[in-house]
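Given the structure is predicted, the values throughout are model-derived calculations rather than measurements.
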Amino acid sequence: MKNILIIGANSAIAKAVARACAEEHARLFLLARDSALLAVQKQDLEIRGAAAVDYAPLDVTHFSLHEAVLEQALDTLGSIDLAVICHGSLPDQARCAEHFDAALEQFNINALSTISLLTLLGNHMSARKQGCIAVVTSVAGDRGRPSNYVYGAAKGMVSQYLQGLRGRLFPHGVHVVDVRPGFVDTPMTAHLRKGPLWSSPERIAQCLLEGVRQRRHTVYAPGYWRLIMAVVRAIPDALFKRLPL
Amino acid sequence: MRLYSWGRYPVSDSQPHAPRTPAAMAALLRHQASAPASLIARGLGRSYGDSALAAEVIQTQAFDHLLRFDESSGQLRCAAGVSLDQVLQVFLPRGWMLPVVPGTRFVSVGGAIASDVHGKNHHVAGTFGEHVTRLTLLQASGEVVECAPDQHSDLFNATCGGMGLTGIILDATLRLQRVPGSAILQQSLRSANLEEVVAQFEEHASATYSVAWLDCLARGSALGRALLYLGEHAQDGRYLAPRPGRLSVPFDAPAFLLNRFSMRAFNALYYARRVDPQARQRLEADSYFFPLDGIAHWNRLYGKRGFLQYQCVIPQDAALPGIRRVLQTSGAAGKGSFLSVLKKFGPGNAHWLSFPLAGYTLALDFKFEPSLLPLLDELDRIVLDHGGRLYLAKDARMSAQTFQRSYPRWEDMRALRLASGADRLFNSLQSQRLGL
C-alpha cells in the first residue's frame, strides 16, 4: 500500500493525481488552504477506492507552520512513499512588474513555500532512505517572457532547486521528479482562450505518475513541450526580446 | 472570449467563470443581480446549439466530486460537474451502469439533467431525469433548494429538462442500475424502407436498447431504408470501463468534402454493409453506446462553419407520414448527413420542457450553410403539422412561435422564472430567442 502526501491538493492537477492514486487504493494525506473543499475531496476519493484519506488545512505562505503540518501528515501516514507538490498561483504580471510587493507575494507562493516544504521533505526522506518527491513546476520556468516572467522566474527557481536536491538525495535512494506542464485547462486558466496545445489536468496527472513510475527526472507534460521549449530556449536573446511572447 | 458548443454554430462572445466553491458561485450571482443579466451554467459544452451560451457562462468543471454512494441501493450523489464518463469509469467495473446514457459520455450530470437526455433505451427506461431522485438547485436569489419528484415538485419538473433556466444545479442523486455484464449483444436488422423499420421497432418494442441508422438520401420506395440495431446486456459478469478513444480529427475538414454526392455514396455503402439478422455481435459498452466518442473532435468533420443537428419527435399516430415528409423534404433539397438516427420513444414524462413523447424521433446532421436555414424552417412546419417538436439540446435556430406551439408547458416555465427571479439572471442565447 502506498502512502501519498499531496500539497496544494485542491488544484486541478492535484485532484487528478489524487483520483488516479485512489483507484489504486492508496492512502492519501491532503494539504490545501480550503478545508471545506478537502472534506468534499475526501468523500470523493474514498468512493473512488482510496484506502484512507486524511487532510489538514495549510496556507503554504505561512512557512512557520510547515514543520508541524508535515509532522501531522507523517503521524497519520506513518511514512511517505510519494510527496506531490502542486500548489501555485498565476499572477497578474502587469501588477507584479510595477509593484514589488505583488511580485514578492507570488515568489512566496510559487517558489519559497515550495523550497521550505522541500527542505523538510528532503530531510525526512533522506533519513528514511526511500521515497519520491514530484513537484509541478512549469514550462514557463524554462525562459523568461515579458508576459509571464514573475511566474516563470518563480517556477524556474524551483526547477533549479530540484536539480540540486535530486543530486543531494540520490545517494539516499530518494528520487526527485520535476514535472513541467504546458498550457492546462483548469479553473486557474478559465479566462484564457484555449487552443490545440492545451491539455486536461488528467493528462498532466498521467504524465506525472508515469514519470514517478519510470523514475524520470524532468517530465514535460505532455512530452511534446520538451521539443517546443528546446526551440524557445534556442532563440538568441537579440531576437527573443523582440518577440511578443 | 469566443465560445461555441458542439455544433460550433452559433459562436458567441462570452465571459467564462469557473468558480471552485458554492460560495464563489453564489457570489457570481450576487454580482450579477443588479441588472438583467445573460448568464447560464455550462458543463462540458456538448449541447449542440446556443443553450449553454450567454454573455456570461458559469462553468461547473470544478464541481466534479462524487459525494455519496450506497452500495446496496446504487444511489449515487454527485456534484453537477461530474461527467457521465467519470461515473462509468468508477462504477461500471463494479457492475453498476447509468440507467440512461446519451450518445456521448462526455456530458456533465448537470447538463444531462438540464437537457433531460435520453438514450437507446428510452422506450423502456424513460429519460435521465426520471432516474434522478433528488437535486440541489442554486436559485437566482442565492437560496439553495433541495427538490425531488415529491418535494418542490414544480421546481423539480421545471429543472429536469429546463435547460439551466431555473438556476444552477449543484448536485444530484441518481439511481445506478446493476447490470449482468457491461458488454452488449447486438442484433442488426436491415429494412427496405421506413414502413419496414417502423414495423421492426414495433415488433421489438421490448428490446432493452434499440436505435436505427437511416439512409437519409434514399428515395422513392427505398425512402427511409435503415439498419436497426437491437441490444441486450451480456450475461457474462464481465465489466469493462469505457476506454479512451485513439482517433482524433486534428483540424477542420474542408467543408466541400461534404456534398450531396459524397453523402449519397457514404449512405449507400453503409447501408450495403453485411448484416446477419441471426448473429449476436458482442460489443463493449463504449463502442455500443458511444461509437463517436472514439473519435475526438468529430464535429470538425463538418468544417469550420459548424453544423446543425435537427432532432424532432413526431407522435405515434402521425409518426410514419411525418417522418416520411421530413425525409422527402430534406432529401429533395439535396441535404443530408452521415448519421441519421431514428428511434422509437416511450411515453413522455412530467418534466415541463422535456423533449421525448410517445412516437418516433429522427435526428439529422446538416453542415451549416445559409441555404440550410429556410429548409429547416420548412421542416419545422412539417413537424408542427404532425404534432411534433424539436429537441432543445440540439436547437440553435427555431423560432419562438415554433417552440411555444410545441411545448405546451412553456408558459408555466415562464411564470416560474418570473416568480423566482430567474428571468432576470439565467438567460441563454436560446432562452432569449425562444421568449422564455
Okay, A:L192 and chain B: the region with an atom under 4.5 Å from a heavy atom over there is backbone
Is there a donor-acceptor pair closer than 3.5 Å between any side-chain N or O of A:S147 and the backbone N or O of A:L245? yes
Fill in: Side-chain ion pair, A:D44 and A:R19, N-O less than 4.0 Å
yes
Under 4.5 Å to a heavy atom of chain B? For A:D34 that would be side chain
Heavy-atom distance under 4.5 Å between the side chains of B:F426 and B:I168, does that happen here? yes
Okay, A:E46 and chain B: the region with an atom under 4.5 Å from a heavy atom over there is neither
Taking the side chain as everything from C-beta on, heavy atoms only, tell me whether A:D142 gets closer than 4.5 Å to A:V232. no
Cut-off 4.5 Å, heavy atoms of chain A, and the answer for B:Q86 is side chain
| said: I want to check something: taking the side chain as every heavy atom from C-beta on, are A:V40 and B:L67 in contact at a cut-off of under 4.5 Å? | reply: yes
Okay, B:F91 and chain A: the region with an atom under 4.5 Å from a heavy atom over there is side chain
Ranking B:L3, B:T21, B:L76, B:D64 by heavy-atom pairs under 4.5 Å to chain A gives rank one to B:D64
Under 4.5 Å to a heavy atom of chain B? For A:K15 that would be side chain
Non-hydrogen side-chain atoms of A:N108 and A:F63 separated by less than 4.5 Å = yes
Counting heavy-atom pairs under 4.5 angstrom with chain B, the leader among A:E23, A:Q41, A:R48, A:R193 is A:R48
